[in-house]
Structure formats: structure tokens, C-alpha cells
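Remarks on the structure that follows.
We number each residue from 1, following the sequence as shown.
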Amino acid sequence: MQTATHLDREHCVRAVQSKDARFDGWFYTAVLTTRIYCRPSCPVVPPKPRNMTFYPSAAACQQAGFRACKRCRPDTSPGSPEWNQRADLVARAMRLITDGVVDREGVPGLAARLGYSTRQVERQLLAELGAGPLALARAQRAQTARLLIETTALPMAEIAFAAGFSSIRAFNDTVREVFALSPSELRHRVPAGRAPGDHTPGTLSLRLPFRAPLNPDNLFGHLAATAVPGVEEWRDGAYRRTLRLPYGHGIVALTPRPDHIACRLTLSDLRDLAVAISRCRRMLDLDADPVAVDDGLRTDPLLAPLVDKAPGRRVPRTVDEAEFAVRAVLGQQVSTAAARTHAARLVTAHGRPLDDPEGGLTHLFPAPQALAALDPETLAMPRTRRTTFTTLVGQLADGTLHLGVESDWAEARARLLALPGFGPWTVDVIAMRALGDPDAFLPTDLGIRRAAGELGLPSTPAALTARAEAWRPWRAYAVQYLWATDSHPINFLPV
């Protein structure tokens with residue numbers, strides 16, 4: 001499949017005719033005769049090729065006058081893998097739009113975060129996606145509105161503002177235009193068994209789709225084994241954690257299922273719904289293309305058996321880039337248990353308390369501003385690591401260093417490497433798990449070197465890096481497969 005800039009018509013037609021779900025979210029099929037757009041795997045009889053046209057985004061379909069299919073619901077497709085495997089302007093802009101920046105700060109705010117003019121951002125998004133930032137944000141608002149309509153009993157007026165619409169009229173007009181149904185008609189179409197009923201205020205249950213296969217073992221195992229007490233926990237088969245969000249806070253419970261991730265969100269402000277979903281999807285790497293990743297790694301005969309044994313491994317990431325950077329420093333040259341202990345002390349002393357009636361979560365992880373104000377002498381760590389810690393949180397707090405979905409990976413690496421106490425391992429683990437670079441690699445990691453030696457791969461960092469050139473651009477996923485050869489708890493789904 002080509003990138004979104006130049007959709008290959010022949011490949012698109014074949015994907016639609018074979019109902020290949022791997023391409024859901026990569027592109028959308030618009031049917032000229034019905035004026036409906038669908039995902040490639042739509043269950044209806046495929047239209048004749050001459051009646052198909054293809055768009056790289058749902059927003060482009062909507063701008064061209066097509067409405068969403070009521071059968072395949074293209075608005076619920078997994079996101080395009082493109083935006084999480086690239087660090088160019090368009091990919092960074094898409095990550096920010098998904099994170100709700102346009103709704104909160106407008107297009108000028110989006111452009112300012114990216115370091116480009118508004119005109120440059122709009123021009124590049126139009127060229128590659130067929131829609132500008134306002135249209136892309138509008139499509140996301142429509143998707144959020146539909147989710148709230150179908151999964152809650154909230155009044156329509158509350159849904160309109162929670163989804164980010166500026167008025168009830170704009171909400172009604174958009175829903176009718178995108179789905180060819182009024183908001184009330186959408187709610188009436190929900191099957192009786194799934195009809196919204198009485199819910200805990202601010203709590204929603206939904207399904208997060210992904211491209212198969214997905215191996216949950218290392219994904220949830222890593223999150224559970226490194227969980228910071230009070231902020232994260234594994235309870236009743238679900239990974240639970242607290243979330244700091246633009247309008248308030250939240251608690252999420254994520255449970256792996258065979259064909260989706262069950263997500264239960266409790267939010268202090270429903271306007272944070274789209275952002276919370278986006279951050280949870282990013283943490284679980286749900287928009288990845290596992291077939292492409294695994295096919296790339298199978299070309300190495302020594303990696304192929306690992307991939308074949310347990311395909312679909314994801315990279316466990318984070319909901320908060322600054323939090324992860326702090327935790328990476330706390331974990332330097334200590335065990336997983338010691339790193340959790342250090343983090344738990346910070347949480348208790350400096351985190352914001354919250355109530356969790358359903359479990360043992362007690363705090364939000366401390367913001368950089370709170371950590372920058374602490375007394376370094378209270379930190380139970382060597383003096384050199386105190387300097388590393390205080391320098392990091394100081395730069396995060398004053399904005400000298402910014403880590404976020406819009407970060408330029410190369411620039412962020414350079415800034416991190418310039419900090420005292422930051423070597424290649426710390427920088428690359430932040431690049432892999434916080435910034436989302438799918439090609440980040442850890443050749444000096446002891447677990448990686450041990451696994452490499454056992455498999456017959458080169459075990460010295462320089463030689464292993466040379467061998468790993470053939471694994472690009474998926475070296476972060478190779479790390480997951482190599483780590484999985486160990487018996488460490490991070491590799492196993494908790495019981």
C-alpha cells in the first residue's frame with residue numbers, strides 16, 4: 001500500500017474486493033453511486049471498480065460530500081499507522097489533532113506547537129490528506145459525538161459540548177451530514193441489549209479496535225510489572241491507571257479481549273473523552289500495522305522463530321511523555337522494584353490526590369512543576385543522579401525541554417543527550433516508549449545483549465547495531481521480541 005499522498009488505485013481495489021481488514025484506517029472507499037464512504041473491509045457486496053474512488057481520511061470523504069456507511073461504520077476504524085511511524089510535519093500534526101489541540105487552541109495553536117505557519121500546516125495537510133486541520137478536527141468531533149450518543153444516556157446538549165462542538169446547532173448539522181441520521185435517530189438504532197442505560201456519572205464503557213494480531217503478554221505485562229503504586233495497578237484482569245487531562249483528570253481500566261480492548265473510562269470532565277481515548281490507544285500501540293512489522297522482522301532468520309511463536313507484539317508506551325522521562329531517570333541502574341519504590345515516594349509526596357471507589361489508585365503522577373520545587377536532598381539516590389533528575393524536571397517545568405506527541409524525534413534526542421546523566425540507553429528508551437519512535441533501539445541493554453547471544457546474534461553493541469540495520473524501521477519491535485526471550489515478569493500477562 002502506498003502512503004496517503006498517492007493512493008495506489010489497483011492496490012485499493014484489491015483490498016476492497018478481498019475485504020482486507022488490515023487496510024482499515026489506511027484509506028477509505030467512497031462509492032460514487034450511493035455517495036457513501038466505507039472501510040475496506042465493509043461486509044456489503046463491493047461496488048464495481050468504476051464506481052469507487054479513494055480518500056486518505058474520513059474528513060476528506062466528508063468534505064467531498066460522502067456520508068459514513070451505516071454497516072461498516074468507518075468512523076470506528078483503527079487509526080492509520082502512518083501517524084505513529086513518522087516524525088514529519090503531517091504525522092506530528094495528525095497526532096496533535098487527535099490529541100484535541102485544534103479544539104482547545106485552534107489552528108494557530110496547532111501551527112505554533114509545530115513551529116510552522118498556519119498556511120504551511122494547512123497546505124501540507126490538504127496535499128496529503130485531502131482535508132485541512134479544521135475538517136480533520138470536525139471529523140473527530142463527529143466520531144466522539146457518535147460514541148457518546150450510543151454508549152451513554154447523556155442529554156444531547158451535554159453530548160454536543162462534551163464532543164467539542166461550539167453549539168447544539170453545529171452538533172446537529174454535523175451529525176446529520178456525516179451519518180445521514182439525526183442524533184436521536186442514531187440513539188434509536190442502538191440494539192436493545194446495547195442501549196445506553198444508567199451509568200456512573202462521567203463513566204463510559206467502550207471498545208478500542210486494533211489490527212490483528214495483537215499479543216497482549218508483553219504489552220500488559222510490561223505496564224503491570226512496572227506499575228507505580230497509587231498511579232497504576234493490575235486489578236481483576238485489567239490494567240488501571242490515573243490520567244492527567246486538559247480539562248480535568250480520569251481513571252481508565254483496559255482489559256485485553258480477543259478482538260478489541262475493553263476500555264472503561266471515568267472522567268471528571270467529558271470534554272476529555274477524545275483525548276483520553278487517543279492517549280490510551282497510543283499507550284497500547286493500537287494503531288500499529290503488526291503484519292508489516294512482523295513481515296519486516298521475519299526477514300532475519302534468527303528473529304523469524306520469535307515472531308512466528310508469538311506474532312503481533314506491540315511496544316508498551318505511555319499516556320504522559322514527561323512522566324515517562326522522569327521514570328526513566330528513576331530507573332537508571334536500579335531494579336524494576338527499586339524504580340517503582342522511588343516513583344511511589346514521589347507520588348505520595350508530590351502527586352495530586354484523587355478518589356478511586358473501584359480500586360487502589362490514589363494520585364496523579366506529579367507534574368514537572370511540582371517535582372521542580374522539591375528539595376533534592378530528600379531524593380534517596382546518588383548525587384549525580386539527583387543532578388540528572390533536577391535538571392530534567394527543571395527544563396520540563398520551564399518549557400526549555402518539551403516532550404509531546406508533536407516532538408521532532410531527532411531534535412528531542414539531541415536535547416536529551418545534552419542533559420547531564422543522559423546516555424544512549426536512557427535517550428533511546430524515552431524515544432521508544434514516550435516519543436513513539438518505532439525504530440528506537442537499545443543495543444547496550446543487558447537483556448537485549450543476553451538474548452542476542454543466546455540466539456546467535458552479535459552481542460556487542462556495535463556489531464548488534466550493524467546487524468539491526470536490516471530490521472529498520474521496526475527496531476523498537478525487535479526489542480520487544482528479544483526481551484520476550486527472558487523470564488522477567490514484564491513478558492507475561494498477569495494472572
Side-chain angles (χ1 to χ4, degrees), residues 1-16 20 22-30 37-40 52-66 68 74-75 77-103 105-143 178 211 274 278 281-282 286-289 292-293 404-411 435-439 473:
M1 178 60 59
Q2 301 295 314
T3 61
T5 307
H6 301 290
L7 291 177
D8 185 311
R9 181 176 178 81
E10 182 181 346
H11 280 89
C12 290
V13 169
R14 286 208 301 266
V16 171
D20 194 334
R22 292 178 302 165
F23 296 113
D24 288 355
W26 277 100
F27 70 90
Y28 297 84
T29 307
Y37 73 93
C38 304
R39 60 169 78 193
M52 299 181 197
T53 189
F54 304 101
Y55 291 92
S57 67
C61 294
Q62 293 166 18
Q63 283 209 142
F66 295 90
D75 54 304
S77 297
S80 172
E82 285 287 300
W83 319 132
N84 288 336
Q85 66 190 42
R86 292 163 44 186
D88 56 26
L89 171 60
V90 171
R92 290 160 57 209
M94 283 301 296
R95 291 197 287 269
L96 280 173
I97 292 169
T98 303
D99 204 53
V101 165
V102 171
D103 288 337
E105 303 174 19
V107 178
L110 171 69
R113 284 179 176 246
L114 294 167
Y116 287 81
S117 70
T118 299
R119 186 172 181 179
Q120 286 174 304
V121 173
E122 290 178 336
R123 184 169 61 245
Q124 291 210 32
L125 287 172
L126 280 168
E128 181 158 349
L129 290 166
L134 288 176
L136 291 161
R138 177 177 178 267
Q140 178 169 291
R141 285 196 296 274
Q143 180 179 345
V178 173
R211 293 176 184 83
S278 170
R281 292 190 63 81
R282 184 169 169 78
L286 297 186
D287 290 328
D289 183 350
V293 172
V405 292
E406 74 273 28
S407 294
D408 178 289
W409 297 337
E411 179 183 345
L435 302 181
D437 183 354
D439 202 37

dist Leu96:CG -> Leu110:CG (nearest 0.5 Å) comes out at 6.0 Å
side-chain hydrogen bond (donor to acceptor under 3.5 Å, both in side chains) filter on Tyr37, not counting sequence neighbours, yields Gln62
Smallest heavy-atom separation, Gly132 atom then Leu126 atom, equals N-CD2, 3.6 Å
Residue set satisfying side chain to side chain contact (heavy atoms under 4.5 Å, CB included) with Ser278, at least two apart, ordered chain then number -> Thr98, Asp99
Heavy atoms of Leu114 and Ala93 approach each other most closely as CD1-CB, 3.7 Å
With sequence neighbours left out, the residues meeting side-chain hydrogen bond (donor to acceptor under 3.5 Å, both in side chains) with Arg281 are Asp287
query: Taking the six-membered ring for Trp, are Phe54 and Phe27 ring centroids under 6.0 Å apart?
result: yes
Distance col, row Leu435:CG vs Trp409:CH2, nearest 0.5 angstrom, shows 8.0 Å
Charged N-O contact under 4.0 Å between Glu82 and Arg92 = no
### Message
Contact between Val107 and Pro133 at the side-chain level, heavy atoms closer than 4.5 Å - yes or no?
### Response
yes
Heavy-atom nearest pair, Arg86 first then Val90, reads NH2-CB, 4.0 Å
dist Gln124:CD -> Arg119:CZ (nearest 0.5 Å) comes out at 13.0 Å
Got a donor-acceptor contact below 3.5 angstrom from the Gln120 side chain to the Ser117 backbone? yes
Those residues at least two apart in sequence (or on a different chain) that pass salt bridge (Lys or Arg N to Asp or Glu O under 4.0 Å) with Asp103 are Arg141
Taken to the nearest 0.5 Å, the spacing of Asn84 CG from Met94 CE works out to 10.0 Å
Does the side chain of Gln85 reach to within under 4.5 Å of the side chain of Pro473, using non-hydrogen atoms? no
Closest heavy-atom pair, Ala131 versus Ala59, reported as atoms and distance to 0.1 Å, is CB-CB, 3.8 Å
Those residues at least two apart in sequence (or on a different chain) that pass salt bridge (Lys or Arg N to Asp or Glu O under 4.0 Å) with Arg39 are Asp24
The reported gap from CG in Asp75 to OH in Tyr28 (rounded to nearest 0.5 angstrom) is 8.5 Å
Minimal heavy-atom distance between Pro108 and Thr118, with the atoms involved, is CA-OG1, 3.9 Å
For Arg211, the side-chain hydrogen bond (donor to acceptor under 3.5 Å, both in side chains) test, sequence neighbours excluded, returns none
When rounded to the nearest 0.5 Å, the distance separating SG of Cys12 from CH2 of Trp26 is 11.0 Å
For the residue pair Ser57 and Leu136, establish whether any side-chain heavy-atom pair is separated by less than 4.5 Å. yes
Correct closest heavy-atom pair for Pro56 and Gly130 would be CG-N, 4.3 Å
(message) For Met52, is there any backbone N or O sitting under 3.5 Å from a side-chain donor or acceptor partner on Arg9?
(response) yes
